Structures are given as C-alpha cells and as structure tokens.
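Just so you know, ligand 1 is whichever comes first in the structure, and atom 1 is the first atom listed for that ligand. Keep in mind that what you see is a predicted model, and the values were worked out from it rather than measured.
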Amino acid sequence: MSLSLEELGWSEEFERHFAAVNDTTVVPARVIRENRGEYIIHTGKERAVARLPGVERIGKSDSSEYPTVGDWLAVEKVPLSDDYLIRELLPRKSLFERKVVGEATRHQSIVANFDSLFLVTGLDADFNTSRIQRYLSVAWNSRAQLVVILNKADLIEELDEVLAAVKEVAKDVPVHAVSAFDPASLECLKQYLGTGRTVALLGSSGVGKSSLTNAFIGEDRLLTQQNRAADGKGRHTTTWRELSPLPGGGMLIDLPGMRELQLTGEGDGVDKTFSDIEELMTQCKFRNCRHEGEPGCAIDKAIESGDLAVSRYKQYVKLRNEQIVAQERREARDKIIAGRRRKIAVKEGPVKKKIAKKRKQLNTSRSYLENLDD
Ligand SMILES: Nc1nc2c(ncn2[C@@H]2O[C@H](COP(=O)(O)OP(=O)(O)OP(=O)(O)O)[C@@H](O)[C@H]2O)c(=O)[nH]1
Ligand SMILES: [Zn+2]
C-alpha cells in the first residue's frame with residue numbers, strides 16, 4: 001500500500017532532522033512494527049524490512065537508544081535486496097517507555113512520535129481512579145497530549161458521578177466516556193485523529209483497546225493485516241501491535257495490555273499529576289514538615305477543611321515512594337555501568353545524600369497514613 005509521508009506522520013520538524021543527516025543515499029521511513037530487532041518500516045512507497053548494522057545491534061546502555069515503533073529513520077537500501085539498513089534514528093518528539101517486567105531498572109521503549117496517548121480504562125467492576133492517577137504519573141512526561149478514555153460507558157448508570165470523580169484526578173487532562181460498541185460515542189475522539197496525527201492506546205488487558213482499535217480501523221482491515229502479519233514470516237504473533245493507518249486519516253497503535261504500570265524513577269510525572277499537593281507542601285510552616293499533624297502543616301489543614309481528599313494524599317505518597325525506590329535502583333545501576341565503563345571507583349556520597357534528602361521530604365509514616373480516615 002502506498003501512503004504519503006504526510007499520511008505517515010511526517011512533518012517539517014522531521015524534515016529538518018532528516019536534512020541534517022546530509023546523506024544522499026538515505027531515504028526517510030517510519031517504523032510501523034518491531035519484531036525482535038527486526039523492523040517493519042514504511043517509506044511512503046513501500047513496506048519493507050529494515051535492520052541495524054551488525055555492530056549497533058548490541059551494547060547500547062539504554063534500550064531507548066534503539067529504534068521503536070513510531071520512530072522516523074534514515075534508511076539505506078541494501079544492494080540486490082528488498083531490505084533496508086538503518087543509518088540514523090531521527091530525534092523523537094515524544095516517547096513512552098516502561099520498566100521491563102522482572103528487571104528492576106531496565107527500560108523498554110514502547111512507542112515514539114505519537115501526538116496523543118489515550119489512557120484507557122473500563123467502567124466495569126475493575127474500575128478505580130487510583131489506576132488513572134498511576135497512568136497519568138507514568139505517562140506525563142511522554143511529551144504528548146494525554147487523554148483519559150473511560151470505555152464501556154454502556155455498563156454503568158451513574159456516569160455523571162464517575163465522570164466527576166475522574167475529572168477531579170485528571171485535572172487539565174481531557175476525559176471522555178465512550179463505548180467501543182457505540183460509534184456515536186466515539187465521535188468526540190476524532191479531534192485527536194486526522195491526517196498526520198498518531199495516537200497510541202494504553203491500558204490494562206481487557207479494558208477494550210482491541211475493540212476500540214477495531215472501531216477506528218474497521219474490523220475487516222484489522223483482520224486482513226493480522227493475517228498478513230501472521231503468515232508474512234510464517235510466525236504466529238500473539239501480541240498484535242502495529243502502527244496502522246486509519247480510514248479517516250491518522251495512525252493508531254494499540255499497545256500491549258499491561259498488568260501493572262510501574263514508575264521508572266526517571267522523568268516520572270508524579271509531581272505534575274499531584275501538583276496541588278506539591279504546592280501545598282511548600283506552604284507548611286516548617287521546611288522539614290513530616291505532614292503528621294505538626295503545627296502549621298498545610299497538608300493537615302487542607303485535609304481538615306476537605307480541600308484535599310485523604311485518598312488522594314495516600315495515593316500521592318504511595319506513588320512518590322515507589323518513584324524514589326525506582327530512582328535509587330536506577331542510580332545504583334547507572335553507577336555500576338559508569339564504573340565498569342571507566343573502570344574507576346565512583347564516589348557514592350552525593351547521590352546518597354540526595355536520596356536521603358528526598359526521603360526526608362516524604363517522611364509521613366505508614367502508621368500515620370493508615371490512621372487517617374478516608
Ligand atoms: N460492554 C462493553 N464491553 C466492551 C466494550 N469494549 C470492549 N468490551 C468487551 O471487553 C472485553 C475485552 O475487550 P478487548 O477489546 O479484547 O480488550 P483489550 O484491552 O484489547 O484487551 P487485551 O487484548 O488483553 O489487551 C471483550 O469481551 C469486549 O467485548 C464496551 O464498550 N462495552
Ligand atoms: Zn506539612
């Protein structure tokens with residue numbers, strides 16, 4: 001299938017980056033799928049396979065240095081072959097990464113260069129606002145427009161109540177209640193789509209991402225592509241994820257369902273998701289306030305007056321603590337890597353001090369929190 005570069009999401013920004021590569025043997029291409037180090041790209045003219053040169057396949061300290069779905073590349077045709085060689089990874093305008101399951105600190109890039117990230121949850125028995133807060137915290141610094149999507153709106157009666165509760169935690173992030181089975185309800189999402197725009201869907205397994213994708217792409221087309229992907233290399237793919245063009249313009253990708261999204265300790269947006277609480281903390285009378293009922297504690301006062309919900313505060317402390325632990329692990333790992341690279345001892349003092357300081361700021365003890373009534 002032929003698609004113009006603009007339809008694939010090309011823009012002046014990438015044009016500039018591409019021009020800087022300054023190599024007449026390369027053409028631009030977008031990664032639409034990744035398969036264990038093999039990339040399916042689209043050049044605007046054709047779909048093809050692209051690979052990294054042998055020497056670059058290993059040895060990068062962070063996986064975000066490798067191309068991922070959504071990336072724009074400068075690629076060069078391999079002589080006497082249909083394949084391409086990856087010459088350059090163009091700078092990204094947005095990136096979403098997550099922690100690799102089972103490994104404390106390694107990151108995995110998931111998708112790049114998307115304009116909007118749909119954080120999808122289902123309005124069924126599993127629904128809770130804490131998960132939305134977690135998703136917002138993890139995704140905040142992806143540099144894309146975040147949108148909270150409440151799917152399965154057909155299942156509940158007290159929709160207004162739930163919407164109000166979600167808007168409360170989402171602050172300035174738009175919230176839409178939809179049903180994948182009701183096309184009219186999806187109209188409100190068209191504003192994020194259209195030619196050149198890329199949308200990524202993120203959410204736990206079962207929230208209805210595939211159903212939404214089907215609704216946007218059109219079931220027939222998705223099935224056709226799925227078959228092609230499965231038989232293309234004779235491989236069966238269990239997790240389906242490919243950047244797909246939409247009939248109405250724009251590109252969409254359904255990210256694999258994740259059980260629990262974890263903070264990475266770098267660039268997390270807990271502070272931004274809970275900016276009201278961070279702001280309050282600066283107003284406590286004592287700079288080293290533990291927020292455990294000390295005189296002049298602004299948190300205490302806000303809880304008392306009902307301006308701050310205890311549940312919101314508890315969720316904040318939980319996510320911040322998680323972030324600090326992730327950060328410690330990350331810093332320890334970075335130190336080991338740096339030490340190995342330079343083969344010299346790394347001074348630990350300053351890092352430890354920094355962590356100790358951060359810890360102190362969040363000293364509200366577990367027992368104190370547990371005794372606060374929601
Ligand atoms: N009532 C209702 N059910 C829905 C809606 N959207 C999806 N479902 C159902 O929810 C279940 C899960 O939907 P999927 O689209 O497979 O969910 P998913 O998020 O893609 O799940 P994974 O593929 O595991 O990541 C299916 O039984 C769907 O039929 C909706 O808007 N309303
Ligand atoms: Zn305080």
Side-chain angles (χ1 to χ4, degrees), residues 98 101 110-111 117-127 131-132 135 148-157 159 162-163 175-189 199-219 222-223 225-226 229 236-242 244 252-261 274 276-305 307-308 310 312-314 316-317 320 359-365 368-369 372:
R98 76 154 168 156
V101 180
I110 293 211
V111 61
L117 183 60
F118 287 3
L119 306 171
V120 189
T121 44
L123 289 170
D124 42 23
D126 205 27
F127 176 79
R131 186 171 298 123
I132 295 171
Y135 274 38
V148 173
I149 309 286
L150 309 174
N151 188 35
K152 311 193 188 184
D154 53 292
L155 290 182
I156 63 161
E157 272 155 26
L159 185 60
V162 175
L163 257 179
V175 181
H176 300 282
V178 302
S179 168
F181 304 150
D182 173 13
S185 76
L186 300 175
E187 284 296 315
C188 61
L189 301 181
V199 169
L201 262 63
L202 178 69
S204 324
S205 190
V207 297
K209 295 183 304 306
S210 313
S211 308
L212 286 167
T213 306
N214 282 344
F216 283 118
I217 297 186
E219 211 141 356
L222 185 68
L223 281 175
Q225 289 185 344
Q226 239 160 347
H236 179 69
T237 42
T238 42
T239 45
W240 165 250
R241 94 197 178 81
E242 175 165 320
S244 310
L252 182 134
I253 182 159
D254 168 12
L255 301 175
M258 297 163 198
R259 250 172 308 147
E260 188 70 291
L261 212 52
F274 296 91
D276 53 330
I277 295 179
E278 298 247 330
E279 170 60 28
L280 274 175
M281 284 177 166
T282 66
Q283 294 165 17
C284 293
K285 185 169 170 196
F286 300 111
R287 258 190 49 208
N288 59 353
C289 185
R290 294 165 65 107
H291 323 298
E292 294 188 347
E294 289 95 327
C297 174
I299 295 289
D300 219 38
K301 215 169 98 195
I303 287 176
E304 202 112 294
S305 70
D307 287 345
L308 173 62
V310 170
R312 181 171 173 81
Y313 183 56
K314 283 183 177 172
Y316 165 78
V317 173
R320 269 307 293 261
R359 274 240 159 113
K360 220 168 170 186
Q361 287 165 0
L362 269 171
N363 249 351
T364 313
S365 64
Y368 178 79
L369 280 175
L372 279 177

Original post:
Quick one: salt bridge (Lys or Arg N to Asp or Glu O under 4.0 Å) partners of Asp124, sequence neighbours excluded?
Top reply: Lys152
Original post:
Would a 4.5 Å heavy-atom cut-off, applied to side chains only, mark Leu155 and Leu123 as touching?
Top reply: no
Original post:
Under 2.8 Å from the Zn ion (ligand 2), which protein atoms of type N, O or S occur, listed by chain and number?
Top reply: Cys284 SG, Cys289 SG, His291 ND1, Cys297 SG
**OP:** Check whether any N or O atom of Val178, backbone or side chain, sits under 3.5 Å from an N or O atom of ligand 1, and answer yes or no.
**Re:** no
**OP:** Provide the closest heavy-atom pair for Ser204 versus Arg131 in the form atom of the first, atom of the second, distance.
**Re:** OG-CD, 3.6 Å
**OP:** Indicate yes or no: at least one non-hydrogen side-chain atom of Phe127 is less than 4.5 angstrom from one of Ile132.
**Re:** yes
Original post:
Taking only residues two or more places apart in sequence or in another chain, which ones pass side chain to side chain contact (heavy atoms under 4.5 Å, CB included) with Ala200?
Top reply: Val111, Phe114, Leu117, Ile253, Leu255
Subject >> Ligand-residue contact atoms, ligand 1 with Leu155, heavy atoms, under 4.0 Å >> reply: 1 (N)
Original post:
Quick one: does Val207 get an N or O within less than 3.5 Å of an N or O on ligand 1?
Top reply: yes
Original post:
What do we get for Asp254 next to ligand 1 when only non-hydrogen atoms under 4.0 Å count, side chain, backbone, both or neither?
Top reply: neither
**OP:** Give the atoms of ligand 1, by number and element, whose distance to some non-hydrogen atom of Lys209 is under 4.0 Å.
**Re:** 15 (O), 17 (O), 18 (P), 19 (O), 20 (O), 25 (O)
Original post:
With atoms numbered from 1 as shown, which atoms in ligand 1 lie under 4.0 angstrom from a non-hydrogen atom of Ser211?
Top reply: 6 (N), 7 (C), 13 (O), 14 (P), 15 (O), 28 (C)
Subject >> Those residues that, when tested against Phe216, pass ring pair (Phe, Tyr, Trp, His ring centres under 6.0 Å) (two or more places apart) >> reply: none
Original post:
For ligand 1, is there an atom lying under 4.0 Å from some heavy atom of Gly203?
Top reply: no
Original post:
Which ligand 1 atoms does Asp154 reach within 4.0 Å, using its non-hydrogen atoms?
Top reply: 1 (N), 2 (C), 30 (C), 31 (O), 32 (N)
**OP:** Considering non-hydrogen atoms only, spot the tightest contact between Ala302 and Leu280 and give its length.
**Re:** CB-CD1, 3.6 Å
Original post:
Taking C-beta and beyond as the side chain, do Leu186 and Leu212 meet within less than 4.5 Å on heavy atoms?
Top reply: yes
Original post:
Got Phe118 and Lys209 here, is their nearest side-chain heavy-atom distance under 4.5 Å?
Top reply: no
**OP:** Using a 4.5 Å cut-off on heavy atoms from C-beta on, say whether the side chain of Asp276 contacts that of Arg312.
**Re:** yes
